[in-house]
Amino acid sequence: MRITRQLFVSRKSRIKLLLDNLTYKDLPLNAPALSDVDIVKVNERKKHEEKQQSLPPELADDPRFYVPLKHEERKNYRQVPAFLYNNKCRFIEGTKQACVLTKSLRFDGLPENVQQLVDKFEVPNESRLVQKAILKSQLWDSAKELLPRRKDPEYPNFKFNREYGIPLEKKLNMLSFDFFRIAETAVAAKYPQTTKTRRMIFNPSGMATFFKYNESLLSFYVGINAVITSRSMLSPFVPEEQVESKSSGSIPSIYPISPTIDFFKTHNYNLKNSIGFSEISSKFPHTLILLNDNDWSEDERQARALVTAMGVLLAQAKKTFPGIKARLPAPMAVQVVNVSETALNFTYFQLNTVDFDNTEDNVKNFVWFDTNNVLFDKLMPQPWKGDEFKRTRIESLDLDGFKKLLATVGYCADLEESLTQFHDKLIEL
């Protein structure tokens, strides 16, 4: 093939341009010597490149060129490592592992004191209000956000179209807010003084504590979605005089697995003990609220609830009894409500001792689990089954879980009522 004169000239000019811009760090063998003019051009080009790379002093902290400090150079570096716990820690052994870590004896169902309050609080049009709260959180909201692509275990290969609707986090927020609003209204109707003694705090921050477990330092950063506070601590689920007799059971073993296997080990940490909120009047935790917007099992969620309750009570115990290292002068209790999309889980924890190492001690902590109280069944679309399965269906309403929620919120309301009335009489005198 012949090359035209125009194409030949253009290729020649391109080759010349590349050769002019080409510089060698080391001259190849048999290469012609560079003239003084060429050397000056190369040196000027290098100086120009150096000027472009160097930053002026006012831009020396450009985040594009940030180099993180080494772990040893940070302010919170400590030679003794610690195990960190936060909401991302997922216990592989579930509640069994959490019971070993918190030195807790497990009981199933509601505590006797709470069980007695079931059906004690009446809500007018209870079924209608609960159904409206469920439909509001599941269908009635106008949010149209892009949802994750759905997978159905019955037909894993079926490709669903991308759906727009209410995100799971928003569903849980609306459902929990409406449920607790109805529950607090029902309790206040029977005990009006609770409107003065109770507070509901959303997303409290700064809950942290620390303790030693088998010569290992554990640092807890507890995150909860909401907390109901009161003017006084909850009454213990087991009276103080029955703690030793109730502690006769044994804690299950998970040997050779360590209870801290799912914690994060680090040399960079801060030791802090804080309850997370500083209400002047209502400063004691009553009920913790956790929203389950993850794909964990119910057992793993209950394990997180137990450890969260222990962390909150431990911080409160250190604040109430400074320097405490063994059995508490008086037991402390707290409740946890796990809110899932279609179910409620309840956890009741009583802290009797902060000596978590001595497993042979007669005094142990207590925990009650009431799991998987299904409120309704949500049937997602399954188009391959026919036209009647193309829409989302909500069926089988069950109010037992909501009645347990009423009993949980109403626990110790009568005690708060009497204390508030006594306090008001003192003020009048």
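Heads up: numbering here begins at 1 and tracks the sequence.
Applying the ring-ring contact (aromatic ring centres under 6.0 Å, His included) criterion to F211, with sequence neighbours excluded, gives F220, F356. The ring-ring contact (aromatic ring centres under 6.0 Å, His included) search around Y411 returns F237, not counting sequence neighbours. Residues passing the side chain to side chain contact (heavy atoms under 4.5 Å, CB included) test with T320 are Q316, M332, sequence neighbours excluded. E298 pairs by the side-chain hydrogen bond (donor to acceptor under 3.5 Å, both in side chains) definition with R301, N345, not counting sequence neighbours. Taking Y155 as the reference, F158, W384 meet the ring-ring contact (aromatic ring centres under 6.0 Å, His included) condition, with sequence neighbours excluded. Under the ring-ring contact (aromatic ring centres under 6.0 Å, His included) criterion, F179 pairs with F402, sequence neighbours left out. The side-chain hydrogen bond (donor to acceptor under 3.5 Å, both in side chains) search around S127 returns Q131, not counting sequence neighbours. E300 pairs by the salt bridge (charged side-chain N to carboxylate O under 4.0 Å, His left out) definition with R90, not counting sequence neighbours. For Q138, the side-chain hydrogen bond (donor to acceptor under 3.5 Å, both in side chains) partners two or more places apart in sequence, or in a different chain, are K378. Remark: Y85 engages no residue in a side-chain hydrogen bond (donor to acceptor under 3.5 Å, both in side chains) (not counting sequence neighbours).
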Contacts table for residues 258-271: side-chain donor-acceptor under 3.5 angstrom, sequence neighbours left out:
from: S258; atom 1: OG; to: T260; atom 2: N; distance (Å): 3.4
from: S258; atom 1: OG; to: T260; atom 2: OG1; distance (Å): 3.0
from: D262; atom 1: OD2; to: I92; atom 2: N; distance (Å): 3.2
from: D262; atom 1: OD2; to: Q97; atom 2: NE2; distance (Å): 3.1
from: T266; atom 1: OG1; to: N268; atom 2: N; distance (Å): 3.1
from: H267; atom 1: ND1; to: R78; atom 2: O; distance (Å): 3.0
from: H267; atom 1: ND1; to: Q79; atom 2: O; distance (Å): 3.2
from: N268; atom 1: OD1; to: H71; atom 2: ND1; distance (Å): 3.0
from: N268; atom 1: ND2; to: H71; atom 2: O; distance (Å): 3.2
from: N268; atom 1: ND2; to: N76; atom 2: OD1; distance (Å): 3.3
from: Y269; atom 1: OH; to: V80; atom 2: O; distance (Å): 2.6

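By the 4.0 Å N-to-carboxylate-O rule, K403 lies too far from D400 to be salt-bridged with it. Salt bridge E184/R198: absent, no basic N to carboxylate O contact under 4.0 Å. Between E395 and R393, at least one side-chain nitrogen of the basic residue sits less than 4.0 Å from a carboxylate oxygen of the acidic one, meeting the salt-bridge criterion. Electrostatic pairing of D370 and K404 counts as a salt bridge here, judged by a charged N lying under 4.0 Å from a carboxylate O.
A side-chain hydrogen bond (donor to acceptor under 3.5 Å, both in side chains) check over residues 139-148, counting only residues at least two apart or in different chains, returns the pairs D141-K170.
No donor-acceptor contact under 3.5 angstrom links the side chains of T209 and Y221, judged on distance only. Judged purely by distance below 3.5 Å, without hydrogens or angles, the side chains of T95 and Q302 never pair a donor atom with an acceptor atom.
The number of heavy-atom neighbours closer than 6.0 Å to CD of E169, taken from other residues, nucleotides and ligands shown, is 12 or below.
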